[in-house]
Amino acid sequence: MGARYKIIDTLGEGTFGKVVEVKDLEMEHRMALKIIKNVEKYREAAKLEINVLEKLAEVDPDCKNLCVKMLDWFEYHGHMCIAFEMLGQSVFDFLKDNNYQPYPLEQVRHIAYQMVYSVLFLHDNKLTHTDLKPENILFVDSDYEVLSVYASSKKKHDLRRVKRSDVRLIDFGSATFDHEHHSTIVSTRHYRAPEVILELGWSQPCDVWSIGCIMFELHLGITLFQTHDNREHLAMMERILGPIPYRMARKTRTKYFYHGKLDWDEKSSAGRYVRENCKPLLRYQQSNSEEHRQLFDLITRMLDYEPSQRISLRDALKHPFFAKLPAHQKLGSDRARAGAAAGSRERSHSLSR
């Protein structure tokens, strides 16, 4: 990496290349360096990501809106390299390492609130992230404590609980400005909105759908739509959320509908799989407590089929589910309001709100 950066460890690998931990020998600090494969399409995506991150840094130099901070970028023997602040594990990797034990409700609330807040900042700046998923939400610090839990069988199992649930949003390689070309298919499969699958065009509401899927997953430890096939994905949506609106079924040029109804064989093995592995959304609610009802109400509003009817992130921030968030976890104008209510003299300003 030239004379300045020394590679210490590999943090992760992906189709685009890899992320390594490096020491900046001039500044004496560590950072995460994303090294992109020397392949034209990945180089182009990296240039787009750098462009987005530079624009975000202009509007929010202190990263108050929780998007990962880019520290530097350069080209090295045909590889685009982007240096970021060091962060902890992704909420997905932490979940996986914790045997898919779900996060406690107050951590789901805090993580979801930060996601909504951060992605709203993108939407206010005419951007859609398009690839929101648990892998792209990183803890600032994933230090945890171990709790010993005794199951009914008296068998002890250890449960990890992250100490601080502060997160940052990463991976702006597919982020798209409103005025730019919108590619037909976006998002990682499980978090892909119906209008994307049906090729009806998309904008900011497709991010809201993804956040609804992520909230479900953090709360239950399971993926809401566990499939790799479009038709099966749509069948799962219908089983969980009810029939796809006739307007969308008629408008799509895709081949998944016949006379406005999903062309799906309930009796096939795939039909059986969907029936046995999916159930109506509210049947996943484990308790009838007020906060569980609020959580599922918010997820339901985020998973409205019609993009125009889906809750906006500005309205999501005001949803009763977030009312219980402790004052110290509130951000920007929310925090100012909380401070004013408490008679505090603290003032904080948030951007483009």
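Atom set for the values below is all heavy atoms of this structure, side chains included, hydrogens, waters and symmetry mates excluded.
Side-chain contact of Tyr5 with Asp72: a donor-acceptor pair under 3.5 Å is present, judged by distance alone. Under the 3.5 Å distance criterion, with hydrogens and angles disregarded, a donor-acceptor pair is assigned to the side chains of His233 and Arg189. His129 and Asp171 share no donor-acceptor pair across their side chains, judged by distance under 3.5 Å alone. Ser203 and Asp178 share no side-chain donor-acceptor pair at under 3.5 Å. Side-chain N/O atoms of Glu49 and Trp73 include no donor and acceptor closer than 3.5 Å. Looking at Tyr256 and Asn230, their side chains do bring a donor and an acceptor atom within 3.5 Å of each other. Side chains of Asn51 and Lys55: a donor on one and an acceptor on the other come within 3.5 Å. Looking only at atom types and distance, the side chain of Asp166 has no donor-acceptor partner in the side chain of Gln329 under 3.5 Å away. For the residue pair Arg250 / Tyr246, a side-chain donor-acceptor distance below 3.5 Å is found, with atom types taken as modelled. If you check the side chains of Ser118 and Asn65, you find no donor sitting under 3.5 Å from an acceptor. A donor-acceptor contact closer than 3.5 angstrom links the side chains of Tyr191 and Glu217. In this structure, a donor-acceptor pair under 3.5 Å is present between the side chains of Thr252 and Thr254. A donor-acceptor contact closer than 3.5 angstrom links the side chains of Asp97 and Gln89. Between Thr227 and Glu232, the side chains place a donor N or O and an acceptor N or O closer than 3.5 Å (distance only, hydrogens not considered). At a cut-off of 3.5 Å, with distance as the only test, a side-chain donor of His123 or Asp207 sits close to an acceptor on the other residue.
In the hydrophobic clustering of this structure, Val196 does not group with Ile244; members are Ile, Leu, Val, Met, Phe, Trp, Tyr whose side-chain heavy atoms approach within less than 4.5 Å, directly or through other members. Both Phe296 and Val208 sit in one connected hydrophobic cluster of ILVMFWY residues. Membership requires side-chain heavy atoms under 4.5 Å apart, directly or through other members. Put simply, Leu87 and Leu95 are part of the same group of oily side chains (I, L, V, M, F, W, Y) that touch within less than 4.5 Å, one to the next. A single hydrophobic cluster is seen to contain both Ile222 and Leu224, as judged by linkage of ILVMFWY side chains at heavy-atom distances under 4.5 Å, directly or through other members. Residue Val119 is not grouped with residue Leu48 when hydrophobic side chains (ILVMFWY) are merged at heavy-atom distances under 4.5 angstrom, including chains of intermediate members.
With rounding to the nearest 0.5 angstrom, the CG atom of Asp93 is 10.5 Å from the CZ atom of Phe139. The CD1 atom of Ile137 sits 6.5 Å away from the CG atom of Leu132 when rounded to the nearest 0.5 Å. The line from SG of Cys278 to OH of Tyr273 is 7.0 Å long, rounded to the nearest 0.5 Å. Interatomic distance, Ile8 CD1 to Met31 CE, rounded to the nearest 0.5 Å: 10.5 Å. The line from CG of Leu33 to CD of Glu21 is 11.0 Å long, rounded to the nearest 0.5 Å. The CE atom of Met86 sits 11.5 Å away from atom CG of Leu71, with the distance rounded to the nearest 0.5 Å.
When ring centroids are compared, Phe16 and Tyr42 stay outside the 6.0 Å threshold. Between His328 and His110, the distance from one ring center to the other does not fall under 6.0 angstrom.
Figure legend: cation-pi geometry between Arg109 and Phe321, with NZ or CZ positioned under 6.0 Å from the six-membered ring centre and within 45° of its axis. A cation-pi arrangement is absent between Lys133 and Phe92 under the rule of less than 6.0 angstrom and at most 45 degrees off the ring axis.
When atom types are taken as modelled, the side chain of Arg43 and the backbone of Met80 share no donor-acceptor pair closer than 3.5 angstrom. Checked by atom type and distance alone, the side chain of Asp62 never pairs as donor or acceptor with a backbone atom of Lys64 at under 3.5 Å. For the pair Ser312 (side chain) and Asp315 (backbone), a donor-acceptor distance under 3.5 Å is present. When atom types are taken as modelled, the side chain of Thr130 and the backbone of Ser174 share a donor-acceptor pair closer than 3.5 angstrom. Side-chain atoms of Ser287 come within 3.5 Å of backbone atoms of Ser289 as a donor-acceptor pair (strictly under, hydrogens ignored).
Within the 4.5 Å cutoff, side-chain heavy atoms of Leu281 are placed close to those of Leu241. Under the 4.5 Å side-chain criterion, counting only non-hydrogen atoms from C-beta, His219 is in contact with Leu105. Between Cys213 and Leu303, some side-chain heavy-atom pair lies under the 4.5 Å cut-off. For the pair Val274 and Glu266, the minimum side-chain heavy-atom distance is 4.5 Å or more. Leu317 places a side-chain heavy atom less than 4.5 Å from the side chain of Tyr113.
Using cut-offs of 30° and 60° on the angle between ring planes, the pair His179 and Phe177 is parallel. Relative ring orientation between Phe225 and Trp209 is described as parallel, the plane-to-plane angle staying below 30° on a 0-90° scale split at 30° and 60°.
Taking every heavy atom of both residues into account, Glu180 and Ala175 meet most closely at OE1-O, 4.3 Å. Arg310 approaches Asp304 most closely through the heavy-atom pair NE-O, 2.8 Å. Heavy atoms only, all atoms of each residue included: Ser90 and Pro134 are closest at CB-O, 3.7 Å.
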Which is it for Phe94 and Tyr100 under the ring-ring contact (aromatic ring centres under 6.0 Å, His included) test, yes or no, and what are the steps along the way?
CA-CA 8 Å; Phe94 190 92; Tyr100 297 97; over 10 Å; no
Leu147 vs Asp158, test: side-chain contact (heavy atoms from CB on, under 4.5 Å). Steps then yes/no.
CA-CA 6 Å; Leu147 309 171; Asp158 289 338; over 6 Å; no
Yes or no on side-chain contact (heavy atoms from CB on, under 4.5 Å) for Val162 and Asp143, after CA distance, side-chain angles and deciding distance?
CA-CA 6 Å; Val162 72; Asp143 265 5; over 6 Å; no
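Contact check on Glu290 versus Lys324 returns no salt bridge, with no Lys/Arg side-chain nitrogen under 4.0 Å from an Asp/Glu carboxylate oxygen. A salt bridge links Glu26 with Arg4; the closest basic N to acidic carboxylate O contact falls under 4.0 Å.
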